[in-house]
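Start at 1 with the first residue, then count along the sequence. What's counted below: heavy atoms across the whole structure, side chains too, no hydrogens, waters or symmetry copies.
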Amino acid sequence: MATQLEARSGTSARVRVQKFGSFLSAMIMPNIGAFIAWGLITALFIPAGYFPNETIGALVGPMITFLLPLLIGYTGGKMVYDVRGGVVGATATMGVIVGTDIPMFIGAMIMGPLTAYLMKKLDSIWDGKIRPGFEMLVNNFSAGIFAGIMAIFGLLAVGPLVTLFSDAAGRGVDFLVSNGLLPFTSILIEPAKILFLNNAINYGVLTPLATQEATETGKSLLFLLEANPGPGLGLLLAYAIFGRGMAKASAPGAIIIQFLGGIHEIYFPYVLMKPLMVLAVIGGGMAGIFTLVLTGAGLRSPAAPGSIIAVYAATASDSFVGVTLSVLMAAAVSFLIGSVILKTTKSTDDDIAGAASKMEGLKGKKSSVAGTFRSTSATDGPIRNIVFACDAGMGSSAMGASVLRNKIKAAGFPDVKVTNLAIANLKDDYDVVVTHQDLAARAEPLTQSATHVSVDNFMNSPRYDEIVELVRASAAAEGGVDPKNPTPAAVAADADTEGAGTGAGANDVLAEQSVVLDGRATTQEDAIDEAGRLLVDRGAVDASYVAAMHEREKSVPTYMGNFLAIPHGTNAAKDLIKRSAVSIVRYPEGIDWNGKQVKFVVGVAGVNNEHLSILSAIARVFSDKAQVARLDEATTVDEVLALFGKVNA
């Protein structure tokens, strides 16, 4: 049986907290370099530093007070509303900075995104209603006036509230320290790491409190509560010595990635594979924190990633012994507890590959380290049927299936069937199921015996190459198609069959009047409207289908990669489609599509499978960067139509 993932709700409390934590970390992580710069200047040039220098040391205060919060506010605003959001977000952040005497990181994480979001809503009110020639005047003054208002709001309202919260949280930490309870925070932190909820704790609470403490005392042990590599090191050492199978064999390599590289998620599958092992990392975390409390050691700035190298780089000058002992004690206790668990519990060959897939399920997206544990023979039998599943089964999945189908044919396996379906129509009779990462939780319960692969980019996902290797390995194990001797004749014959579909029917699906080379929209929402109107104007869909295209975009983005987005309606909106049609709108300057640049918007409405041949052609074009460049340079609609016709010829 293939890899199986647990069903989970995309709207669960865990997922919501996870998304919130990811949003917080996305504001902090791009600015970690600035935190490190501040930490180094502090360590070297303050009066108690290695090389005291009053002139250079004067940088410390302005950096922590102004630079870091402004960077966070700008980053948070930019995430919501691009550069315009970043500018108003940073301006509003000045209000909370001036209104308090503590580093205003939490205030910046509130004011940046909030101001950008409200600015975006305000802009939508007068979008398209400004007289030509007055756009810049209105845009600049509206941003300036509103950012000023929000700065005052931050000064008078948000800043004082954040100060109260910070004071309360600080008193809570002091209470835990003075009563010897701080080590017990590992009971929350270590399981939260495994469930990918640590970002909400680390960047929402610990880092702001730790930075505030570091400005007052020069260091803080709070920086090391989550970043200590000791618990993971001890766990992996236990597996390396007492583990079995793939888990034992992979543990030494995982140690290098975790301890030196700082990628802690490498050890998460080892805990998920044997959940009782969470006691090992909890025990290790408690021992590490207890050691820090006893020695009074701490870091000057965040250690990111959680590598022993980054930890030492951020260690305060008087804390190297304490930090070293903390890491060693955490590793030792974690190793001892983990070894006892491995030796006393019933052992079989550990399914580390299955645990890695489960970890990806908890994370909600592909892990950069999970491939370390995967074997190319992850399935029990040959792979014959692969299905791409999406909400409606007519757009994203069709193009993804076409791209993967071509890759598998090129590898010499024309008999492997690659299809696409709506999730609602899935049955548990596929070998591999491919979905967008946001839809994986819906597909998994319906196809529990399949290997599940989630992607965030249907056009050029690196996961496709993994699937091809999986097909290659399963074919070799079966003794069927020789992966080193592809069958060109079969591939060519099959390609000809697919190309035969591009004829009058395809031309009817994509007509000259449905291709626009210079779109007028400037936002994602307007681009969907423009592509949808072309479908309505051709009589292919009811006017209300455009609203369903927006609804689909809110649930799962239709960005495909290589500057392409293919908005289409939801599965429930199929009754609004009168006949199959495709529209293509090019935006030479590009449009921001949830943080991605899109130059080509393809509106899709499909009845049965009549539109799949042209979608296959579109997929072939956009999977080839040279073809995308030609499409970008096309000067006539005929060139566009010819380009799509040529690839299927």
Compare all side-chain heavy atoms of [X] with those of [Y] and state whether any distance is below 4.5 angstrom.
X      : Y      : value
Ile467 : Val453 : yes
Gln258 : Phe268 : no
Asp529 : His550 : yes
Val416 : Arg384 : no
Tyr559 : Asn594 : no

Q: Quick one: closest heavy-atom pair of Tyr239 and Lys274, and the distance?
A: OH-CB, 3.6 Å

From [atom1] ([X]) to [atom2] ([Y]), nearest 0.5 Å:
X      : Y      : atom1 : atom2 : result
Gln524 : Lys596 : CD    : NZ    : 12.5 Å
Ile577 : Leu535 : CD1   : CG    : 9.0 Å
Glu525 : Ile591 : CD    : CD1   : 9.5 Å
Thr522 : Glu589 : OG1   : CD    : 12.0 Å
Glu553 : Trp593 : CD    : CH2   : 5.0 Å
Met549 : Ile566 : CE    : CD1   : 10.0 Å

Q) Hey, mind stepping through Lys599 and Asp632 against salt bridge (charged side-chain N to carboxylate O under 4.0 Å, His left out) and telling me if it holds? A) CA-CA 8 Å; Lys599 291 187 175 183; Asp632 198 18; 3.5 Å; yes

Please check if the side chain of [X] supplies one atom and the backbone of [Y] the other of a donor-acceptor pair under 3.5 Å.
X      : Y      : answer
Asp82  : Arg84  : no
Asn385 : Lys417 : no
Ser583 : Ser514 : no

Q: Could you pull out all residues at least two apart from Arg586 that satisfy side chain to side chain donor-acceptor pair (under 3.5 Å)?
A: none

Q) In chain order, what residues pass the side chain to side chain donor-acceptor pair (under 3.5 Å) check against Thr75, with sequence neighbours excluded? A) Asn31

Q | ring-ring contact (aromatic ring centres under 6.0 Å, His included) involving Phe563 - partner list, sequence neighbours excluded | A | none

Q.
Around atom CD of Gln513, are there more than 12 heavy atoms from other residues, nucleotides or ligands closer than 6.0 Å?
A. yes

